[in-house]
Each structure stands twice: as C-alpha cells, then as structure tokens.
Amino acid sequence: MGINGETGILGILGYPVRYSLSPVMHNAALQHLGQNLLYVAFPVATADLAAAIAGFGVAESLVGLNVTIPHKEQILPYLSAVDERANQVGAVNTIRRQGRGWVGTNTDVAGFLAPLAGRVPPPNVTVLGCGGAARAVVVGCREWGCGQIRVIGRNPQKLAAFQRAFPGVRTRDWAELPQILPETNLLVNTTPVGMGAPGQTPLTPGEVDLLPRGATVYDLIYKPRPTPLLRLAAARGLGTLDGLSMLLHQGAIALEYWLGVPAPVDVMYHALTEQLAGKDAV
Ligand code: NAP
C-alpha cells in the first residue's frame, strides 16, 4: 500500500535505535496485513523525552510506539496509565494512543516466556544483569513457576534497588558465580555482552563448564547467531535458546495491542531471519 495523507505511524522510541530490527519486522507485518501504517525509528535522547512525548501526543497520525533503552522506565511519568503487567515489571516497552495521551504495557514478559512454553519450570534460575530486561525475566520466571531466582549484578546500588523491587529474589555479585553456577538449571543472560561482538562472552569458558549437565542457557541477545555464550554452551552439550524468539513474540503481541488483530508471526519471523542473514526482507 502506498503512503498517502491518511498513513498512520508506528515506531520505536529509544537512543540509539539505528540497529533495531523492529522496523523490518513490523513493516513486513503491516504490508502483509494491508494496513495503511508505517513503522519508523525515533532516536530521542533522554533530555528530550518529555518534549518528544508532548509532540507525539498532538501528532494525530502517531498510533503507537515500542519503547527501548534507555526509556523503558523513564517514560512512566509521562503516561496516562499502565496496565498490571507493566506495573509488575516496573517498565513499559509498548505504548498506544489514548486521546492526546499514551497508555502502556510490557510485552517483554510474554516474549521471554514464548520459547519456554511446554517446558517444566526449573528449580534454580540464574539471571546475569539487573537492568530492564532482567526485571521482565524475573516476572516471567515467577509466572512460569520457577523455584529460586538469583540475579547477578556488578553495581551494588543497582542490585539493592532490584532487591527492593523484587523482595523474593536473591541478588548476588559476579564474584559469587563459582558457587552459584553448579546449581543453576536455567541461566539467562540479560547483559548486552556479546551482542554483535563475536569475541565477548558474559561468562568465561571455565564458568560455563561449571553449569551442570542438563542445564539450559538462554541468551536474550540474538546477533551473531549463535551468540558467543551459546556457542560455548552448545560445545558443552547444554540446551540453548537465543533472543530471536523473544524479539519476535514481544513484537507480535505489541502489534496486536496496537491493531487488535492477530499478528502474522511467520511473516515477521521470516523478515527477521532474512535481515539477520544480510538479505532484504521486504
Ligand atoms: P539495561 O537496562 O541497560 O541492563 C543491562 C544490564 O547488563 C545491566 O545490569 C548492566 O550492568 C549489565 N551489563 C552491561 N554490560 C555489562 C558487562 N560488560 N558486564 C557485566 N554486566 C554488564 O538493558 P536491558 O534493557 O536490560 O537490555 C539488556 C540486553 O537484553 C540488551 O542487549 C537488549 O538488546 C537485550 N534484550 C533483548 C530482548 C529481546 O527481545 N530479545 C528484549 C529486551 C532486551 P550496569 O547497570 O552495571 O551497567
């Protein structure tokens, strides 16, 4: 469908957003659905967030936005309302128009859980990193029915804040990993370490060796495929999951939140994998 005077806008708000795969995934879906909508990236620095939200409110063609680093928590004061899921996580990743204001939700939790459907919840989960994605992972693990959840961070103040937000979770320093890894059934990497950087891993090969047989390593990043961490885990015969399914499903649920119609998940997956393989998807 061509762009005309009635074309509506969806997009992703973050900084930087240049490398986001969301425009490719969502434009493929919008084209497939025959929607007169376009999805674009909005790079907005933190200092400009208030002005951007005010401007978005009066630009009537803007229908909804994904929200990413660094705005997922910072945007909360500018929203008219958030749903229960966003409240649980303490962050939003999707907003839609309501009058001249915006209401928000968080689709990262359902996205995280999507590739785990049908699996038995593990007794011991270790989460590397204590940022926004870790919050969604903890909410997801609780909903799934996991036992003990440990969250590993390198900044004591941020760990303390995480502990206050999620009192049942045990927060730990990276130095404690040698004791924690041998009893970890599911390890989730929520740090960006290794994203687009083949040589970098959040765990050393020796640390990966400490994970028990039967453990699964879930890396929220998805580039390169396999990620450096998942390459190490696979070499040890451990289960592996990367973040592509989470990216796909959080996006599909966001699209349904904006449009109220089922998302074409296969079309979106194809667009993502073509883009990651270096081909033009649409
Ligand atoms: P964030 O809020 O910035 O949190 C990142 C966390 O990683 C922080 O705890 C940070 O610690 C830690 N960290 C960063 N570099 C580190 C290093 N070199 N060593 C140890 N810890 C380090 O970011 P986020 O929103 O949680 O996102 C994290 C990653 O998840 C990103 O790569 C993002 O692309 C990915 N993600 C993927 C999906 C998906 O759909 N697949 C969804 C959400 C996020 P400090 O605070 O001490 O810096």
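Atom set for the values below is all heavy atoms of this structure, side chains included, hydrogens, waters and symmetry mates excluded. Indexing begins at 1, ligand by ligand and atom by atom, following the structure's order.
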Element-labelled atoms of ligand 1 that are located less than 4.0 Å from some non-hydrogen atom of Leu247:
39 (C), 40 (O), 41 (N)
Scan for salt bridge (Lys or Arg N to Asp or Glu O under 4.0 Å) pairs involving residues 79-102, sequence neighbours excluded, and state none if there are none.
Arg85-Glu143
Under a 3.5 Å cutoff, is there a donor and acceptor pairing between the side chains of Thr227 and Asp219?
yes
Could you check which of Gly131, Pro192, Gly111 puts a non-hydrogen atom nearest to atom 4 (O) of ligand 1?
Gly131
Closest heavy-atom pair, Val89 versus Ala136, reported as atoms and distance to 0.1 Å, is CG1-N, 3.8 Å
Can you sort out which atoms of ligand 1 are near Gly243, meaning under 4.0 Å from one of its heavy atoms?
39 (C), 41 (N)
Of Asn155, Thr68, Thr191, Asp242, which has the heavy atom at the shortest distance from atom 12 (C) of ligand 1?
Thr191
Given Lys72, Arg154, Gln200, which one has a non-hydrogen atom that is nearest to atom 11 (O) of ligand 1?
Arg154
Going by atom types alone, do Ser22 and Asn66 pair a side-chain donor with an acceptor below 3.5 Å?
no
Closest approach of any protein heavy atom to atom 37 (C) of ligand 1, naming residue and atom
Leu220 O, 3.4 Å
Taking only heavy atoms of Ile221 into account, list the atoms of ligand 1 that are under 4.0 Å away from them.
32 (O)
To atom 38 (C) of ligand 1, the nearest of Met246, Arg135, Lys223, Glu73 on a heavy-atom basis is Met246
Quick one: closest heavy-atom pair of Ala133 and Leu220, and the distance?
CB-CD1, 3.7 Å
Assess whether a salt bridge exists between Arg150 and Glu183, defined as any Lys/Arg side-chain N lying under 4.0 Å from an Asp/Glu carboxylate O.
yes
Protein heavy atom at shortest distance from atom 29 (C) of ligand 1
Thr190 O, 3.4 Å
For atom 26 (O) of ligand 1, what is the closest protein heavy atom, and at what distance to 0.1 Å?
Ala133 N, 2.7 Å
Which heavy atom of the protein is the closest neighbour of atom 46 (O) of ligand 1, given with residue, atom name and distance?
Lys158 NZ, 2.7 Å
Determine the minimum heavy-atom distance between His71 and Gly14, stating which atoms define it.
CD2-CA, 3.6 Å
Within the side chain of Asp242, is there an N or O that forms a donor-acceptor pair under 3.5 Å with the backbone of Tyr222?
no
What are the atoms of ligand 1, with element, lying closer than 4.0 Å to any heavy atom of Tyr222?
41 (N)
I need the atoms of ligand 1 closer than 4.0 Å to a non-hydrogen atom of Gly129, numbered in the order shown.
9 (O)
Any luck finding a side-chain donor-acceptor pair between Ser80 and Gln98 under 3.5 Å?
no
Which residue owns the protein heavy atom closest to atom 9 (O) of ligand 1, what's the atom, and how far is it?
Cys130 N, 2.9 Å
protein heavy-atom neighbour closest to atom 33 (C) of ligand 1 works out as Ile69 CD1, 4.6 Å
Give the residue and atom name of whichever protein heavy atom lies nearest to atom 20 (C) of ligand 1, and the separation in Å to one decimal.
Trp174 CZ2, 3.5 Å
To which protein heavy atom is atom 2 (O) of ligand 1 closest, and what is the distance rounded to 0.1 Å?
Gly132 N, 3.0 Å
For the CZ atom on Arg231, are there more than 12 heavy atoms of other groups (residues, nucleotides or ligands in this structure) within a distance under 6.0 Å?
no
Linking directly or through intermediates, with side-chain heavy atoms under 4.5 Å: list the remaining ILVMFWY members grouped with Leu232, chain and number order.
Leu128, Ile152, Trp174, Leu177, Ile180, Leu181, Leu187, Leu203, Val208, Leu210, Leu211, Val217, Leu229, Leu230, Leu238
